[in-house]
Amino acid sequence: MYIDMTLVVEKYGGTSVGTLKRIRSIADRIAVARTNGDQLVIVVSAMAGETDRLTDLANGILSQSSNDSKNIQYRDDESTKDNFRELDVLLATGEQVTISLLVLALQSLRIDAKSYTGGQIPIRTDSVHGKARILEIDPANVHSDLAEGRVVVIAGFQGVDDRGNITTLGRGGSDTTAVAMAAALNADECRIYTDVDGVYTADPRIVPTARRLEQITVEEMLELSSLGAKVLQTRAVEFAGKYQVPLRVLSSFEVGSGTLITNKVGNMEQPLIAGIAYNGDEAKLTIRGIPDQPGVASRIFGPISEAHINIDMIIQNVGLDDSTDLTFTVKRDEYAEARSILVEIAKELGAKDVVGDDTLAKVSIVGVGMRSHAGIASTMFDVLAKEGINIEMISTSEIKISVGIADQYLELAVRALHAAFGLDLVPSEDPLEPAAV
Ligand code: ASP
Ligand code: MG
């Protein structure tokens, strides 16, 4: 007889395993899931707050043993580099606690289960402590446990390098462990259980009519996460796209189907726009009257990037005489530093002046539908015009349009766009079709 078994990798984050009670209830859920015969691999994070607590311990010991209080941040900072190996040894213990507690909870329900640290699988990584990359996973141990009917519980966020050193994958890295395990095991689905019940068309705190998406493409999800939607670690989504792992985000507290993140765009009724992202902490800087000649942009942006300031949108005006203006946006907390660098550059270049505004917000619409539909940008600009919102900057990619606007209009803009693109819970008319009269 041929039995079609489903292999599912489930990942539970810090809040889902934050207390013994929650760990027990995860064990209860696993017991239920087991009754329909699925093979289950469970990846867990450290209990909520634990990774921060361990980091604080390390910083505490360092500040007591040296005069200057060092802060280990896994930066490319030579002075704390030797510490990184030891910090990984320390941080990896967080997940090790959870795997054993969960297996004990499962065993008390008479479920055969076994825990593995990253190194025991082994999940092989490079040697970059604090942000190691997974190179290779040997799934043989896990396969044989599953074949014997066991639930396998794996510590997220960690691996081992080729010299046996414990490594960690970067904060939030358990998502990546789960997706990588799912890829290595050729699992049918990877389910990330978290404290939200899926990916939404917009932040429900700002847009009360926001809807949970049944499905979103990997590309859209990557674009939304880079715009600040913090549902999954970006690396995990990239991994899922690369290895074609069907990835689902669901709530660990409520029952529901969550949101499926997939490479397949099969649904013809998929709305043109998947979601709207926003960021209320932007600022813009303009350097006016710079010579319009080769090399100027690089003289401006060189020093800015050396200061590790990220630039987002850029506009350069058409030069009327032999001079031009250049405007760009930065995050608000880097505005002051960017401004003072720019003032120096302005002097060197003989520019007229530097002006700025640190009350900017960015609103972006994201959707693969933009590839095949014209008119999305003009609809967006129309909606904003009707609300009397002035657009200060525009930037686009293949599947995204972002505008910079005054931050006082942020919520109004997001809500108006959400309604206009038919994303509200109550369906409204298609903005690209003229309304029937
Ligand atoms: N425990 C790690 C963190 O807090 C990894 C994770 O939760 O995904 O970042
Ligand atoms: Mg997490």
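Counting convention: from 1, in listed order, for ligands and their atoms alike.
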**OP:** Examine the side chains of Thr98 and Glu95 and answer whether a donor and an acceptor come within less than 3.5 Å of each other.
**Re:** no
Original post:
Would you say the side-chain atoms of Thr209 and Asp424 include a donor-acceptor pair closer than 3.5 Å?
Top reply: yes
Original post:
Does any N or O atom in Ser174 lie less than 3.5 angstrom from one in ligand 1, N or O only?
Top reply: yes
**OP:** Output all residues satisfying side-chain hydrogen bond (donor to acceptor under 3.5 Å, both in side chains) with Lys284, sequence neighbours left out; order by chain, then residue number.
**Re:** Glu392
Subject >> For Ser25, side-chain contact (heavy atoms from CB on, under 4.5 Å) partners two or more places apart >> reply: none
Subject >> Which of the ligand 1 atoms, numbered from 1, are nearer than 4.0 Å to a heavy atom of Ser45 >> reply: 6 (C), 7 (O), 8 (O)
**OP:** Would you verify whether the NZ or CZ of Arg191 falls within 45 degrees of the ring axis of Tyr12 while also being under 6.0 Å from that six-membered ring's centre?
**Re:** no
Subject >> Atom indices of ligand 1, in the order listed, that fall short of 4.0 Å to a heavy atom of Arg171 >> reply: 3 (C), 4 (O), 9 (O)
Subject >> Under 4.0 Å to a heavy atom of Gly172 - the qualifying atoms of ligand 1, by number >> reply: 3 (C), 5 (C), 6 (C), 8 (O), 9 (O)
**OP:** Could you see which bit of Glu95 sits under 4.0 Å from ligand 1, with heavy atoms only: side chain, backbone, both or neither?
**Re:** side chain
Original post:
Any non-hydrogen atom of Gly13 lying under 4.0 Å from ligand 1?
Top reply: no
